[in-house]
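This report concerns only the one structure given below.
All values below were derived from every heavy atom in this structure, side-chain atoms included, with hydrogens, water molecules and symmetry-related copies excluded. In this chain, residues are counted from 1 in sequence order.
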Amino acid sequence: MSTETFEFQVEARQLLQLMIHSVYSNKDVFLRELVSNASDALDKLRLAALRDDTLDADVSDLHIDIETDPEARTLTVRDNGIGMSYDEVGRLIGTIANSGTAAFVQELREAQDEAGAEGLIGQFGVGFYSGFMVADEMTLLTRRAGEGHGTRWSSRGEGTYTLERVDDAPQGTTVTLHLKPADSDDQLHDYTSEWTIREIVKRYSDFITWPIRMIPKAAAGDTPEGSDDETAAPREPETLNSMKALWARSREDVSDDEYHELYKHISHDWREPLETIRLQAEGTFEYQALLFVPSHAPHDLYNQNYKRGVQLYVKRVFIMDDCEALLPPYLRFVKGVVDAADLSLNVSREILQQDRHIRMMQRRLTKKVVSTVKDMMTAAPERYATFWREFGAVLKEGLLSDADNRDALLAVSSFATTHSEDEPTTLKSYVERMKDGQDAVYYLTGESRESIENSPHMEAFRAKGIEVLLLTDPVDEVWVDAVGEFEGKPLRSVAKGEVDLGGEDDEKAEGEREKQGEEYAALLGWMTEHLDDDVKEVRLSSRLTVSPACIVSDAHDLTPALENMYRAMGQEVPRARRILELNPDHVLVKGLNQAYKEREDRTGLAETAELLHGLAVLAEGGRPKEPGRFVKLVADHLERAL
C-alpha cells in the first residue's frame, strides 16, 4: 500500500507547537483523552450493532487495552470499537479540529491560568493531539467495523503527517505514543510505569463503562526457577477501573456501605455522611447526581481558600474535582458527583460559568438539596438538628444571595428563641405563637445567647412575655435586613427604633409617658447637648424595666457589629451616632433628674451622664470610646461614695 504525506494547515502547526512546548503542566490528561476517545468508539459500535443486524463486527468483548514497553519507551491505547475509515482519519485526525482550530489557538493563547488552559483540551476536538505533550511521535492504526481495509496515520508533530492503507488492521483503533524521556522538572512522568498508569486511570477513568485492561509486568522472583519469559505461562490482563458508577445504578442495587465508601473517597472524610441525595434528570438534557451532606463541618469551611464544589464527570469521564458552578457558595459543604451526558469534555471553568446547561443543573441541584433538608426536618428531626448545628450558619448565607430560593431557605431555617432554652423554632412556629395585637417578629443579635438574654433591650419583652429570636451568627446581622419580613410580618430588632408593646392600660400608660416627658424634658435636652459627640438623642425608654439606660439605633442605622464587619472587610463606613434611652422609673435616673433641677454647678452631673452612657455601651457588649477615662470616672465616683 502506498503512503501519502500531507501538511497540516497553518493553525494546526501552531497548535502542535503550543502543545509540544508544554502549555499544560498537568500532562497526565493526555491519557484521559485517549481513554475517553476509546470509550466513545465502543459506545458507537454498540449502538451501531443494535441498529444494524448485518454489521460485520465483533461485539462480544468490548474493552480498552493499555500496554507499555519500557525498553522501546512506547505506550499503546487500544480499543475494539467502531474504528475509522481512511477518509474519516484524514478528515477528523488530519485537520485536528473541524470545529475551529484557529479559534482554539486564540483561546489557548488567551487562557489566563493553568486551569483555564488545561480545560481547553478537548473543547475543540483536539484531545487526541494532547498526546504530543508526552510523545515525540504518534501512530494511529484503525479499521472501521464492517470494512476490510484499515488505515495507518503517523506524525512527529512537526507540520506533516502520513496516511497509509493497510490490510491487517484489527477492528477498532490503536494509538501508539513514542514517549519523550521522563523529566520531573517539566512534570513529565514516566508513562511506561505501571504504577503511573494505574494512578491516572483510577483518577480520571475509574467509572468508564468499559473495562480498561493492562497486562502487569512480571515482578522480580515471579518467574519459576528453570524457566524464562518465553516458556512461562502468559500473565492474565488486569482490569484497572472499577466501572462502578454508583450514581448510574438503581438504589436497590447499591448498599449504604458502597455509598459511604464513595463519599469517603470523594471527601477524604473518615466519618459517614449525614444524608445521601440521588437525582436523575431525563429529557433534552440528561444528567445524574449523587450528593452527600457531611455529618460534621470541615474545620476550614469559612476559609477563603476552602475548596468547594462537587466532582464533574461527562459520560463517566472525570473532568473537574471542585466544580464550583454546580452549587451556590452557601451549599459549599455538599460533596458528590454530577455526571452529564451532553457537555463537551474538558470544558473550562470559565465556560462552565456561562453554560446554560450548567446553570440549569445548578438550579435543580440546589432545589433538591434544600428539599432534602426540609424532608429531614419533618421525618428525621435528630438528623436535622445535627445538620443545622453544623451548617445552619452557612445555609443562612443563601438568604442574602439567592432570592429565588429565599422562601424555601426560610422554611428550613431554625433559630434559638426565648420560648425554649433547648428547642430552636422556625419562623412559621413563631408566627403561630404570636400574641394578639403583636404585629412584628422580634429578634436581637449578639455574640451569644447568654449575652443577648442579659441585654437591657430584652427587659420589657421579658416582662410582657413576648417571644424574641436570639440570633448569634455573624450572618444574622445582615440577612434580617435583606429578608425584611415573613408572611407579611416585619422582622424588627428590639435594639432599633422605638418600641411600643401596647397593653391593656394603653391610655393610662400614654398619659403617664406624656407626664414623664414633661418632667424629664430639661434633663434630656441637657444630656443630648453634653453627649453630642457620642449620641444623636437622649430620650425616655419604654423597653427598660430594670436597667437605668440602654443604647439603641435608629430603625435604618447599621448596628455596631455590622459596622465592625464592614471595616474588617476593608470597607470604611462612617461611625453612626446612636440614641441613649433612660429608664424614668430607675432610682439612678430619678436622682440624676432631681440633682439637675437643684444644682447650678453641674460638673459632677456631666461625669455621671458620661458614666451612664458608658454603662449602657458596656451592657450591650461594646466598649466605651475612651476606656481609660471611663475607668477613672468610675474610680473617682466610688471614692466619693465611701
Just checking, any donor-acceptor pair under 3.5 angstrom between side chains of Y263 and D269? yes
By ring pair (Phe, Tyr, Trp, His ring centres under 6.0 Å), which residues pair with F333, not counting sequence neighbours? F387, F391
Enter the distance from L365:CG to I277:CD1 here, rounded to the nearest 0.5 Å. 9.5 Å
Min side-chain heavy-atom separation I212-S205 under 4.5 Å: yes
Is it the case that more than 12 heavy atoms not belonging to K264 sit under 6.0 Å from its NZ atom? yes
Residue pair V394 / P329: nearest heavy atoms and the distance that separates them: CG1-O, 4.5 Å
If only atom types and distance count, is the side chain of H63 paired as donor or acceptor with the main-chain N or O of D61 below 3.5 Å? yes
Polar contact flag, side-chain donor to acceptor under 3.5 angstrom, R152-Y86: no
Any side-chain donor-acceptor pair under 3.5 Å between E137 and S154? yes
Could you measure the distance from the CZ atom of R198 to the CG atom of N241? Nearest 0.5 Å is fine. 11.5 Å
Give the intermediate values and the outcome of side chain to side chain contact (heavy atoms under 4.5 Å, CB included) for residues R316 and D339. CA-CA 6 Å; R316 302 195 187 183; D339 188 0; 3.4 Å; yes
Checking side-chain polar atoms at under 3.5 Å, does D28 have a donor or acceptor matched by the opposite partner on Y204? no
So that I can tick it off, tell me whether D256 and R251 are bridged by a salt bridge, with the cut-off set at under 4.0 angstrom between side-chain N and carboxylate O. yes
How close do T173 and G83 get, heavy atom to heavy atom, and via which atoms? OG1-CA, 3.8 Å
Closest heavy-atom pair, P328 versus R308, reported as atoms and distance to 0.1 Å, is C-NH1, 4.1 Å
L409 and L395: CA distance, side-chain angles, deciding distance, side chain to side chain contact (heavy atoms under 4.5 Å, CB included) verdict: CA-CA 8 Å; L409 290 171; L395 200 74; 3.9 Å; yes
Pairwise side-chain contact, I197 with S193, heavy-atom cut-off 4.5 Å (strictly under): no
L290 versus T276: any side-chain heavy-atom pair under 4.5 Å? yes
Quick one about D253 and S250 (side-chain donor to acceptor, distance below 3.5 Å, no hydrogens or angles considered), yes or no? yes
Side chain of D52, backbone of T54: donor and acceptor closer than 3.5 Å? yes
Are F30 and F132 close enough that their ring centers fall under 6.0 Å? no
Please tell me whether S60 and D58 have a donor and an acceptor in their side chains that are separated by less than 3.5 angstrom. yes
For a 4.5 angstrom cut-off between non-hydrogen side-chain atoms, does V134 reach H189? no
From CD (Q288) to CD (E282), nearest 0.5 Å: 8.5 Å
Check the pair R143, H149 against side chain to side chain contact (heavy atoms under 4.5 Å, CB included), reporting the backbone distance first and the verdict last. CA-CA 6 Å; R143 177 171 66 83; H149 297 285; over 6 Å; no
Side-chain contact test, heavy atoms from C-beta onward, threshold under 4.5 Å: evaluate it for H299 versus Y306 and give yes or no. no
Only one of T142, L140, N37 clears side-chain contact (heavy atoms from CB on, under 4.5 Å) with V175; which? L140
Compare every heavy atom of Y259 with every heavy atom of R278, then report the nearest pair and how far apart it is. NH1-OH, 2.6 Å
Take L279 and W247 through the side chain to side chain contact (heavy atoms under 4.5 Å, CB included) test and state the conclusion after the steps. CA-CA 8 Å; L279 177 63; W247 57 87; over 6 Å; no
Side chain to side chain donor-acceptor pair (under 3.5 Å) between D402 and Y330: does it pass, once the steps are laid out? CA-CA 9 Å; D402 191 353; Y330 67 86; 2.6 Å; yes
If I take atom CD1 from residue I208 and atom CG from residue L42, how far apart are they, to the nearest 0.5 angstrom? 9.5 Å
The test is salt bridge (Lys or Arg N to Asp or Glu O under 4.0 Å); show your working for R213 and E238 and say whether it passes. CA-CA 5 Å; R213 299 171 182 166; E238 290 184 11; over 6 Å; no
Just verifying a value: how many Å separate T174 OG1 and R78 CZ, rounded to the nearest 0.5 Å? 4.5 Å
Tell me the closest heavy-atom pair linking M243 and P211, and the distance in Å. SD-N, 3.4 Å
Ignoring hydrogens and geometry, is there a side-chain-to-backbone donor-acceptor pair from S295 to E272 under 3.5 Å? yes
Excluding sequence neighbours, so at least two apart, what forms ring pair (Phe, Tyr, Trp, His ring centres under 6.0 Å) with H357? F285
Which heavy atom of A169 sits nearest to which heavy atom of G150, and what is that distance? CB-CA, 3.9 Å
N80, D79, V59 screened by side-chain contact (heavy atoms from CB on, under 4.5 Å) with L45, the one that passes: V59
Main-chain N/O of K374 paired with Y384 side-chain donor or acceptor, under 3.5 Å: no
Any sub-3.5 Å donor-acceptor pair from D69's side-chain atoms to A72's backbone N or O? yes
If you define the side chain from C-beta out and look only at heavy atoms, does anything of T68 sit under 4.5 Å from Y191? no
Could you go step by step and tell me if F128 and W153 meet the ring pair (Phe, Tyr, Trp, His ring centres under 6.0 Å) rule? CA-CA 12 Å; F128 170 79; W153 176 99; 5.4 Å; yes
Contact between H178 and M138 at the side-chain level, heavy atoms closer than 4.5 Å - yes or no? no
Rounded to the nearest 0.5 angstrom, the CG-CG distance for L262 and L246 is 5.0 Å
Tell me if a side-chain donor or acceptor on R73 pairs with a main-chain N or O of T192 at a distance below 3.5 Å. no
Report yes if some heavy atom in the side chain of I64 is under 4.5 Å from a heavy atom in the side chain of V77; otherwise report no. yes
Quickly, which of R364, K368, R363, Q362 forms a side-chain contact (heavy atoms from CB on, under 4.5 Å) with T366? Name it, please. Q362
